[in-house]
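Encoded as structure tokens, the structure appears first; notes follow it.
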Amino acid sequence: MEKEILKNDVKKSHHLQFKSSLVSIIDNTFKVSWLVIILIVTNFAIIVSKINEFNEKINIKLNVSTNIFIIILLAMFIFGSFIYYIIKWNIFKIELDEKKITVYKNIVIKDRYVFLLKNISGYVIEQNILDKIFRVYRFKIYTERIYNTKLDTEFVVKKEIAEKINDIVLNEISNVKMNRKDYDKVSNFDINLKLKSIFVHSILNISLKNSFIILNVILLIFTMISKGTIVKEITTNLLGLLITILTIVFPILYSLIISIFKFYGYKLKKLEDFLVVEYGWFTTKKYFIPIHKIKGIIIKETLISRIFNYNMLQVICSGIANKNGELNFLLPMINKNRLNKILKLILLNINVNLDSKPKKQADFSITIFMILFTVISLIIIPTLMFFRINTIYILIYMLVSSLMIIIFYFFKRVNVEEKYILISTGVFIKKVSLILYDSIKYIKISEGLISSIFNIKVLSVYITSNVINLKHILGYVTNNTLNKVKKYIYYN
């Protein structure tokens, strides 16, 4: 199953040349065609014929030959995907030494990609069900490219090769030269979440949209109880009632179940100067993140988690929290009281105090918001009056505008500390970003016609990160705050 070439293995034990496992062909083919396979297995022709029975009024119907043709097309898609991944496997070769990973793609034009191990911002060792059956491991590697929205390289290898790769990479990214054997000796985890905690996280991580859906279902049932129709609905149309409720609630239940399976067995361990995160049931993942590659921390909450005083922790690191959702968390939902202790564990030589309240934007910023909304209102209100819109709607608009001025003023709060910037975004549901100065690559200072009168500016910082967390806006700041940020960036 594995094609491996070892060059100079005696002289250079840390020099490997290998191809991805043949299992990767089956694995990747299944990933892109699993839905098609299910459609064929569940006899797609019968499903289509049943649909035809409900569409007798339509002149054009899918007959048996058409159904067979569709199945042939689906099978061709699977076969085409299989051939594509065979070709990809055949042209793909990887070489690894103590300092770099070289990926060769040899078609007509021979491409070579070189990744220095010291620039790795994190890597993942992953096993899905198929990988576990064939005893192989999937490696995903991320580097410090600024606009990185996907992994840099990925390969599937057997356990022996996986262990060698892990030893070489760990030895290079760790300043204390720790290898896999040292890691395996440490059995105690700093954070080990039980199933109960995972279930709590899954509940608290329900999105705002799903929160409203749950509220609507509760109101629907409460309305039927208050009107005395609940008994009638149960006795005369129980199936219809259950289908209605399940149709609404099913996406939420599905999300909860998937979340429990995803985060099952969550463990976090700090070893010298890097973090190890393990979790997963069907697909197990193990992340290795060098602490010195962490550019900042994001603390998020949902509507439900805010009520129960819980937060989710993310790390800002190139490749992490990318568009594919790769490790879009460091810690699942955890009580706020434990956050300061956890941040001391994660961030080296930085004392973070989340209890200190961030300061509001510059005082004159509320004046700027008032002027902007006044100018907009001078255009909108006469337009509404011209079209003879009801006065009550105009009053509602004025009330909403007044509230928006207050919301915009309190939307951003900032603390400028000696080692980091703390940015709080939001009013009811907040997101707190902790940005380290050594991660800031450049800043942007914006000054408009109105803000220049009051001598305040909008400050944005850009960091080494993925596209999602590249830019962080501090809002309106005074010259004093701006100078402090410049000073700390220079000295850090």
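Treat the numbers as computed from the prediction; the structure is a model and nothing was measured.
Remark: Phe373 engages Phe408 in a ring pair (Phe, Tyr, Trp, His ring centres under 6.0 Å) (not counting sequence neighbours). By the ring pair (Phe, Tyr, Trp, His ring centres under 6.0 Å) test, Phe364 is found to be paired with Phe454, residues two or more places apart in sequence or in another chain being considered. Looking at residues two or more places apart in sequence or on another chain, you find a ring pair (Phe, Tyr, Trp, His ring centres under 6.0 Å) between Tyr264 and Trp281. The ring pair (Phe, Tyr, Trp, His ring centres under 6.0 Å) test applied to Phe155 returns Phe18, Phe139, not counting sequence neighbours.
Taking a 6.0 Å sphere around NZ of Lys100, one finds it holds 12 or fewer heavy atoms contributed by other residues, nucleotides or ligands. Counted within 6.0 Å of CZ on Phe308, heavy atoms from surrounding residues, nucleotides or ligands total 12 or fewer; the atom is thus considered open. Atom OH of Tyr104 sits in a crowded spot, with more than 12 heavy atoms from other residues, nucleotides or ligands closer than 6.0 Å.
The closest side-chain heavy-atom distance from Arg112 to Thr102 is below 4.5 Å. Counting heavy atoms from C-beta on, the side chains of Tyr266 and Asn192 never come closer than 4.5 Å. With contacts defined as side-chain heavy-atom distances shorter than 4.5 Å, the pair Pro358/Val414 does not qualify. At least one side-chain heavy atom of Tyr113 sits under 4.5 Å from a side-chain heavy atom of Phe115. The shortest distance between side-chain heavy atoms of Ile342 and Lys344 does not fall below 4.5 Å. The closest side-chain heavy-atom distance from Ile125 to Phe288 is below 4.5 Å. Two residues are said to be in side-chain contact when any heavy atoms from C-beta on lie closer than 4.5 Å; Leu195 and Ile260 meet this criterion. Side-chain contact between Pro332 and Leu193: present, with at least one pair of heavy atoms (C-beta onward) separated by less than 4.5 Å.
A salt bridge links Arg138 with Asp27: the closest approach of a Lys/Arg side-chain nitrogen to an acidic carboxylate oxygen falls below 4.0 angstrom. In this structure, Lys267 does not pair ionically with Glu278, as no charged nitrogen and carboxylate oxygen lie closer than 4.0 Å. Salt bridge annotation for Glu172-Lys118: absent, with no cationic side-chain nitrogen under 4.0 angstrom from a carboxylate oxygen.
How far CE of Met370 is from OG of Ser365: 11.5 Å, rounded to the nearest 0.5 Å. Considering CD1 of Ile456 and CG of Asp363, their distance stands at 9.0 Å, rounded to 0.5 Å. Taken to the nearest 0.5 Å, the NZ atom of Lys441 stands 10.0 Å off from the CD1 atom of Ile463. Separating the NZ atom in Lys357 from the CG atom in Asn415 is a distance of 12.0 Å, to the nearest 0.5 Å. Going from atom CE of Met398 over to atom CD1 of Ile380 covers 12.0 Å, rounded to the nearest 0.5 Å. Distance check: Lys286 NZ to Tyr279 OH gives 13.5 Å after rounding to the nearest 0.5 Å.
In terms of heavy atoms, Ser460 sits closest to Lys471 at OG-CE, 3.8 Å. Looking at every heavy atom in both residues, Thr284 comes nearest to Gly280 through CG2-O, 3.6 Å. In this structure, Ser24 and Val156 approach most closely via the heavy-atom pair CB-CG2, 3.7 Å. Closest non-hydrogen pair, Phe410 versus Lys360, comes out as CE2-CD, 3.1 Å. Nearest approach of Ile120 to Val169, heavy atoms of both residues: CD1-CG1, 3.9 Å. Heavy-atom minimum distance, Ile435 versus Ile316: CD1-CD1, 3.8 Å.
In this structure, the side chain of Asn128 engages the main chain of Asp131 through a donor-acceptor pair within 3.5 Å. The backbone N or O of Asn311 sits nowhere less than 3.5 Å from a side-chain atom of Ser305 that would complete a donor-acceptor pair.
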(message) Assess the residue pair Lys336 and Glu301 against the criterion (salt bridge (charged side-chain N to carboxylate O under 4.0 Å, His left out)); give the C-alpha distance rounded to whole Å, side-chain angles, the decisive distance to 0.1 Å, and a yes or no.
(response) CA-CA 10 Å; Lys336 281 185 181 179; Glu301 62 186 6; 3.7 Å; yes
(request) Could you walk me through whether Ile450 and Leu372 pass the side chain to side chain contact (heavy atoms under 4.5 Å, CB included) test, one step at a time? (result) CA-CA 9 Å; Ile450 304 173; Leu372 288 174; 4.3 Å; yes
(request) Could you please spell out the steps behind the side chain to side chain contact (heavy atoms under 4.5 Å, CB included) verdict for Asp167 and Asn171? (result) CA-CA 6 Å; Asp167 282 341; Asn171 186 62; over 6 Å; no
(request) Decide yes or no on side chain to side chain contact (heavy atoms under 4.5 Å, CB included) for Lys444 and Leu459, but give the supporting numbers first. (result) CA-CA 6 Å; Lys444 179 183 176 183; Leu459 177 61; over 6 Å; no
(request) Decide yes or no on side chain to side chain contact (heavy atoms under 4.5 Å, CB included) for Tyr462 and Ile443, but give the supporting numbers first. (result) CA-CA 6 Å; Tyr462 292 78; Ile443 64 174; over 6 Å; no
(message) Working note: Tyr123 + Asn166, criterion side-chain hydrogen bond (donor to acceptor under 3.5 Å, both in side chains); need CA distance, chi angles, decisive distance, verdict.
(response) CA-CA 10 Å; Tyr123 67 96; Asn166 202 11; 2.4 Å; yes
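Below 30°, between 30° and 60°, or above 60°: for Tyr437 and Tyr488 the angle between ring planes is between 30° and 60°, a tilted geometry.
Outside the 6.0 Å centre-distance limit, the rings of Tyr409 and Phe369 are not counted as a close aromatic pair. Ring pair Phe263/Phe199: centre-to-centre distance not below 6.0 Å.
A side chain to side chain contact (heavy atoms under 4.5 Å, CB included) with Tyr287 is found for one member of Val315, Leu268, Val277 and no other, namely Val277.
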N/O donor to acceptor pairs below 3.5 angstrom from side-chain atoms of residues 419-434, sequence neighbours left out:
residue, atom, partner, partner atom, Å
Thr425, OG1, Lys412, NZ, 3.1

Kindly list each side-chain donor-acceptor pair under 3.5 angstrom involving residues 477-486, sequence neighbours excluded, with atom names and distances?
residue, atom, partner, partner atom, Å
Thr478, OG1, Thr481, N, 3.4
Thr478, OG1, Thr481, OG1, 3.3
Asn479, OD1, Lys457, NZ, 2.7
Asn479, ND2, Asn455, OD1, 3.2
Asn483, ND2, Asn479, O, 3.1

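Between the side chains of Tyr397 and Ser377, a donor-acceptor pair is found at a separation under 3.5 Å.
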